[in-house]
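Quick notes on the structure that follows.
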Amino acid sequence: MTNNISHTIESLRQRINDHNYRYYVLDDPRISDAEYDTLFAELQSLEKQHPEFITTDSPTQRVGAVPLKEFAEVQHDIPMLSLENAFTEEDVIAFNHRVQERLDRVQDIEYNCEPKLDGLAVSLRYEHGLLVRAATRGDGATGEDITENIRTIKMVPLRLQGKEYPPILEVRGEVYMPKAGFIALNKKAEIKGEKIFANPRNAAAGSLRQLNPRITAARPLAIFCYGVGKVEGGVLPSKHSDILAVLKTWGFVVNPEIEVVTGIAGCLDFYKKIGKKRPNLPYEIDGVVYKVNNLQDQERLGFVSRAPRWALAHKFPAEQVQTVIESVEFQVGRTGALTPVARLRPVAVSGVTVSNATLHNMDEVKRKDIHIGDIVIIQRAGDVIPEVVSVVIEKRPAITEKIKLPEHCPVCHSVVEQIEDEAIARCSGGLFCPAQRKEAVKHFASRRAMDIEGLGDKLVEQLIDNDLISNPADLYKLKLDELAGLERMAEKSAQNLLEALEKSKKTTLARFLYALGIREVGEATAKNLANFFGELEPLFSATVESLQEISDVGPIVAQHIVTFFSEDHNRDVIKKLLAVGVHWETVKKSASALVLAGKTFVLTGTLVSLSRDEAKDKLEALGAKVAGSVSAKTSYVVVGADAGSKLKKAKELGVAVLEEEDFLQFLQVIAKKN
DNA sequence: TTGCCTCGAGATCA
DNA sequence: CTCGAGGCAA
């Protein structure tokens, strides 16, 4: 009897899944919405009577019961890469040239062309046909676990169709909000007097960041799948277009506009065609993507740093609008650099309101001949940073004001210095300048530096303006009663800040060096310095010559470091910081301190996700040696595709062998230790 | 650079 | 209720 019910339930689920599949993937529903709802209600009621038969992949179980506390981290087995962008036909033609050259082929290349959705990239992991995890792209290597939210999207199969899918399958796609859904959602919000979303992309992004999946479920989200990540235990077709086809049979929705074309001419035709269709498409796109269709060719082409050589995003021209430069302010950075920033009459550009745009430096201002009062064309370059493209010269008002580099710092009135042949002008006030002091403290407290939680911009401004501190070391002398009473700072917040300061005292040498804000010493260089010296003292007496032995340190960086440590003021602040208890665990000196010191690696075969050189760089950065041939002294052999004799030798000698995936994971783990 | 979400806590008003 | 900090994404 129970067996019977479990059967009925299962068959109901299968029928609902099939109808879903017909509806979303085949776009060919066989029953009305009302009939579908009836089936669904039937399943719900049966499951209610027999909760023991509820499974997580049941179509009734899309919305989880309890809100999350936070999103967990997810490591991507295969990194989620970004795409190289092209803005002109020439860029596209050049791309095709590079592809043909690298493949040593004169015939036209077959490309898979797809619209580029304006949404968020996600990765969906299926194990034995069940959705087990969904993650955001994050930085490409680590994303966030948004499984509960992704499950609420009806276009996402919780269970795959058919039987032929690999036991482990990661599918990548773009989550987006259709235009119609976005408009409807905002209309509803408006009626309720709630805040409306600025654009569909932000609405989609915001929806996925909900801790409570019930809210996500009420948002009209959709997805198009466009590729695979990790695949284990199955064989996929050898052409990208065929992979998309097989994804469809498993229940994934693939964009219907996708086409396979021959040669670059076909790509450009596709671009034009989609461009024409763009206003009528039910979702927003910002370009098209071309991918070399043959996977073997893709593998041969490989990657450049973070982007595949076999794919290109051909962007539509950025939306351009006109507005007025109302004024120009000069901002003073941490190093005293004066940056002209245009205050614009606010305008809507590609979905956001823009009111500020950096003009970078005076050379830029001169080249574009920008005056205050000018009508200018602005766009969001690379979709993010607002940019003043040009002045509409025929609209120039009778009276405009030339933009002048101030002779004196707008904050501290020290003389502004412009070094010849350099674009950047600097306030000469140094740490006498409150602006520079503020920036220095902000940098010191920032997450990647000393990570002082709760010490944000506003607070630093207040501290400096009220003369409570003048350098980072003073932070540690702050008293509760000094803090409490500042704006938005009552006793509780003040206490929290003191605790955060106390906590920050325990740090690492690399963080500390980075926090000091030495010119040209970013996170990477700081790490190199810390690894090389292992302690702080040698840096005080390091010379320009000796510093250049460190990787990535050239004469200029070396000079900056020497200058920094030769200044009394800097030495004094460092001394004070150490005196109040800033400390770190000493790490052993130089290369021998690195985790892979003394280990020898041999690389063989073709690696997919990074080049030989990149792999070598990474290993060497961790202290390993990379050798050409395998011997008994070899610690590991990393084998890519088509590995030959070296792999054989490794096996003979019993040397540890790492496949590419293992190797990537290995690197991730090791990098953390370092 | 902007917009979004979340959290904690201060400010305001009943 | 409102604001700031912090994190994330493009």
Side-chain angles (χ1 to χ4, degrees), chain A residues 67-74 80 82-83 85 116-123 135-140 142-146 149 174-177 182 185-186 189 193-213 215-216 219 221 284-287 306 313 315 318-319 331 339 341-344 346-360 378-388 442 445-448 451-462 483-497 499-500:
Chain A
L68 301 170
K69 272 266 182 299
E70 59 177 2
F71 298 117
E73 264 190 13
V74 170
M80 293 183 80
S82 48
L83 294 175
N85 285 326
K116 186 170 191 306
L117 272 282
D118 199 6
L120 300 88
V122 295
S123 176
T136 62
R137 204 183 89 89
D139 64 6
T142 309
E144 283 180 317
D145 188 330
I146 49 163
N149 288 338
E174 189 91 353
V175 171
Y176 65 97
M177 188 175 288
F182 169 72
L185 182 67
N186 265 356
E194 289 165 6
K195 225 175 40 172
I196 62 167
F197 292 101
N199 57 57
R201 205 205 71 78
N202 278 344
S207 302
L208 283 189
R209 294 204 55 75
Q210 297 287 341
L211 290 176
N212 182 354
I215 302 176
T216 312
R219 302 281 171 81
L221 294 177
E284 298 211 325
I285 58 174
D286 58 358
R306 312 196 45 72
K315 300 288 204 116
E319 188 197 349
Q331 278 179 356
T339 311
V341 178
R343 305 287 172 212
L344 307 165
V347 270
V349 205
S350 34
V352 302
T353 309
V354 169
S355 39
N356 303 304
T358 170
L359 301 176
H360 300 107
I378 66 167
Q379 66 179 18
R380 294 214 292 147
D383 294 329
V384 182
I385 316 275
E387 169 190 40
V388 174
K442 283 182 201 171
S446 67
R447 198 158 68 96
R448 317 201 75 101
D451 192 16
I452 304 171
E453 229 176 283
L455 188 55
D457 287 10
K458 297 273 169 183
L459 193 50
V460 172
E461 310 246 320
Q462 289 191 70
L483 284 168
L486 291 174
E487 253 172 77
R488 297 208 60 81
M489 251 296 132
E491 190 141 336
K492 177 77 179 160
S493 306
Q495 190 55 48
N496 287 348
L497 179 61
E499 277 161 27

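First the proteins, then the strands, lettered A, B, ... as listed; each starts at 1. Values reported hereafter were calculated over all heavy atoms of this structure, with side chains retained and with hydrogens, waters and symmetry mates removed.
- When each of C:dA9, B:dC5, C:dA10 is scored by its nearest atom to the side-chain atoms of A:V384, the top-ranked nucleotide is C:dA10.
- You'll find the side chain of A:V460 stays beyond 4.5 Å of the side chain of A:D457, heavy atoms only.
- Note on A:N202: every side-chain N or O is 4.0 Å or more away from OP1 and OP2 of C:dA9.
- Closest to the side chain of A:A490, out of B:dG3, B:dG10, B:dC5, is B:dG10.
- Side-chain proximity of A:K195 to the nucleotides B:dC5, B:dG10, C:dA9 is greatest for B:dC5.
- For A:L459, the listed nucleotide lying nearest its side chain is C:dA5; candidates were B:dG3, B:dA9, C:dA5.
- When the side-chain nitrogen and oxygen atoms of A:R447 are compared with OP1 and OP2 of C:dG7, one or more of them lie within a distance under 4.0 Å.
- At least one side-chain heavy atom of A:E487 sits less than 4.5 Å from a side-chain heavy atom of A:Q462.
- When the nucleotides B:dG3, B:dT1, C:dA10 are ranked by their closest atom to the side chain of A:P386, B:dT1 comes out on top.
- Of the candidates B:dG8, B:dT2, C:dG4, B:dT2 carries the atom nearest the A:S355 side chain, counting heavy atoms from C-beta on.
- Straight-line distance from the CD atom of A:E144 to the P atom of C:dA9: 6 Å, rounded to whole Å.
- For the pair A:N356 CG and B:dG3 C1', the computed distance is 14 Å after rounding to whole Å.
- For the OP1/OP2 pair of B:dG10 and a distance below 4.0 Å, the side-chain nitrogens and oxygens of A:S493 include at least one atom meeting the criterion.
- Contact check, A:S207 against B:dC4: no side-chain N or O comes under 4.0 Å of OP1 or OP2.
- Distances were taken from every side-chain heavy atom of A:R209 (C-beta onward) to each of C:dA5, B:dC5, C:dG6; the shortest belongs to B:dC5.
- Considering only side-chain atoms of A:R201, the nucleotide from C:dA9, B:dG3, C:dG6 that sits closest is C:dA9.
- Rounded to an integer number of Å, the gap from CG of A:L486 to C1' of B:dA9 is 15 Å.
- Rounding to whole angstrom units, CD of residue A:Q331 and C1' of B:dT1 are separated by 12 Å.
- Within the nucleic acid shown, A:E70 has no heavy atom closer than 4.0 Å to any nucleic acid atom.
- Between B:dG10, C:dA10, B:dG3, one nucleotide has an atom nearer to the side chain of A:K492 than all others, and that is B:dG10.
- Using a 4.0 Å cut-off between charged side-chain N and carboxylate O, A:E461 and A:K442 make a salt bridge.
- For A:L211 and C:dG7, the CG to C1' distance is 12 Å, given to the nearest whole Å.
- Using a 4.0 Å heavy-atom cutoff across all strands shown, A:A205 reaches no nucleic acid atom at all.
- The separation between A:N149 atom CG and C:dC8 atom C1' is 14 Å, rounded to whole Å.
- When the side-chain nitrogen and oxygen atoms of A:T358 are compared with OP1 and OP2 of B:dT1, none of them lie within a distance under 4.0 Å.
- Between A:R380 atom CZ and B:dT2 atom C1' there is a gap of 7 Å when expressed in whole angstrom units.
- The residue A:E487 sits apart from the nucleic acid: no heavy atom pair falls under 4.0 Å.
- Distance from the side chain of A:R137 is smallest to C:dA10 among C:dA9, B:dG3, C:dA10.
- Among the atoms of the strands shown, none is found under 4.0 Å from any heavy atom of A:A203.
- Following rounding to the nearest Å, A:E387 (CD) and B:dT2 (P) show an atom-to-atom distance of 14 Å.
- For the pairing with A:N149, the side-chain hydrogen bond (donor to acceptor under 3.5 Å, both in side chains) check across A:N212, A:T216, A:T136 returns one residue only, A:T216.
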